[in-house]
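Heads up: the structure comes next, in structure tokens.
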Amino acid sequence: MAGVRCDAVGHRDDAGDTRGPGERPALAPRTTLEVNVRVNGRLVTADIPATRTLLEFLRDDLGLTGTKEGCGKGECGACTVLVDGRPVNSCLMLAYQADGKDVVTVEGLERDGKLHPIQEAFVAEGAVQCGFCIPGMIMSAKALLDAEPSPTRDEIRRAISGNLCRCTGYAKIVKAIERAAAALRPTERDGEPGSSGAPGEEKGGRAEADPELR
Amino acid sequence: MSCGAVILAAGESRRMGKLKQTLPWGDRTVVEAAVDAALGAADVCEVVVVLGHEARSVAAALASRPRPRMRLVVNADYRLGMLSSVKTGVRALSDEIEAFLIAPADQPGISCEDYRLVVQAYRNARPRVDVVIPTYRGRGGHPTLFATGLRHEVLDLPYDGRGLRDLIARHEDRVLRAELDRPGMVADLDTAGDYERALEMMKTRMH
């Protein structure tokens, strides 16, 4: 895929070079990189600053504000999106690293104006209080159910162990994911975006670090 | 190969309350600014302007523009809606173009550079695409580019559907959304308030 140019730093302008002997060369940072990424099934291209996070790209450039910024440092999981089917903290991934990949945000789950069964299950179980963590929870749940249609309760807890909720105590969230799994089992798994399994940057490795999740 | 442009200038400006194509825009009119952006774009070899409502007044505003690079066509059925004007314009394009770009005349904020960026996105796209929609913060804007191969599908679109949106949905796998950070691509002039705000923005940019 046409895309990331790796010479993110370089191109000294000799004509204007006034540095003395032994000084470090002046590095002119290249300001933008071209990124080609599929977002919620749509092919998107943009020239973006090399330092732009995937979260900033989704929210600020593409207006997809369903993905939330909580801590901004990979601890809370509010910014979880799927990259090639794997849940990723989009605040920790640079947007150019998504070049050539398939990104799904919470906006990409509905079909023809109808909520995804996982979203419906969260509503039905009342698994939402302030709601801020829910887009991330739902994306982690989506990754889990795409890979494992019949997860155990422990597997559900592990899958959302990278998503912090300060309101609910998780019980209803876990129940909602169990409900979604039941709803999805008989009919689903037909070619939804994000269900492919190529390796990406994975998160959710906090299971062992967070054993008190109940 | 080069591209064609279709400028849609047939509308009745019902929400504006007066003919918006001939409203002042700097030292020109709104329609002149829209047409000049296409005429000045390096990749655009022909510009078809579709007239309808008050066609004479709009044509008069464009009297000094170069022919035959710019051609005026009249859509007698403009009351059928924008799709009828799209079809009129697309039908009038020559066969020698690689793609055509569609823009409404009520977006005078679109520049030559905007056309260049959209054409560049089309030519650089790998895998190849048939449609390029420029976006600003995720909102689809104009000029929207279609590969010449879609011409007949545009002409065959039914009037009881969603027009070009149906075509885009049908070819979603071959549609590229190019996030270009150019606010003029989404700023149209539907109401008097839109116009006042757009004029303010233009003045701010010029000072």
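Convention: sequence-line order gives letters A, B, ...; per-chain numbering from 1. Computed from heavy atoms alone, side chains included, the values below leave out hydrogens, waters and symmetry copies.
In B/R170, the CZ atom is crowded: over 12 heavy atoms of neighbouring residues, nucleotides or ligands sit closer than 6.0 Å. Atom CZ of B/R137 is surrounded by 12 or fewer heavy atoms from other residues, nucleotides or ligands within 6.0 Å. Crowding of B/R28 atom CZ: a count of heavy atoms from other residues, nucleotides or ligands under 6.0 Å exceeding 12. For B/R14, the CZ atom counts as loosely surrounded, since its 6.0 Å shell holds 12 or fewer non-hydrogen atoms of other residues, nucleotides or ligands. Heavy atoms from other residues, nucleotides or ligands lying under 6.0 Å from CZ of B/R15 number 12 at most. The number of heavy-atom neighbours closer than 6.0 Å to CE of B/M70, taken from other residues, nucleotides and ligands shown, is above 12.
Below 4.5 Å, heavy atoms of chain A meet no heavy atom from residues 92-101 of chain B. Inspection of non-hydrogen atoms places B/E172, B/D173, B/V175, B/L176, B/R177, B/A178, B/E179 of residues 171-191 of chain B under 4.5 Å from chain A.
Heavy atoms of B/V132 lying under 4.5 Å from chain A are absent altogether.
With chain B as the partner, the residue from A/L58, A/V39, A/V44 showing the most heavy-atom pairs under 4.5 Å is A/V44.
Counting only residues at least two apart or in different chains, ring-ring contact (aromatic ring centres under 6.0 Å, His included) contacts with residues 109-144 of chain B are absent.
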Using distance only, find each side-chain donor-acceptor pair of residues 59-66 of chain A under 3.5 Å and give its atom names and separation, not counting sequence neighbours.
from  : atom 1 : to    : atom 2 : distance (Å)
A/R59 : NH1    : A/T65 : O      : 3.0
A/R59 : NH1    : A/T67 : O      : 2.8
A/D61 : OD1    : A/R52 : NE     : 3.3
A/D61 : OD1    : A/R52 : NH2    : 3.0
A/D61 : OD2    : A/R52 : NE     : 2.7

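In this structure, CD1 on B/I133 lies 7.0 Å from CZ on A/R42, to the nearest 0.5 angstrom.
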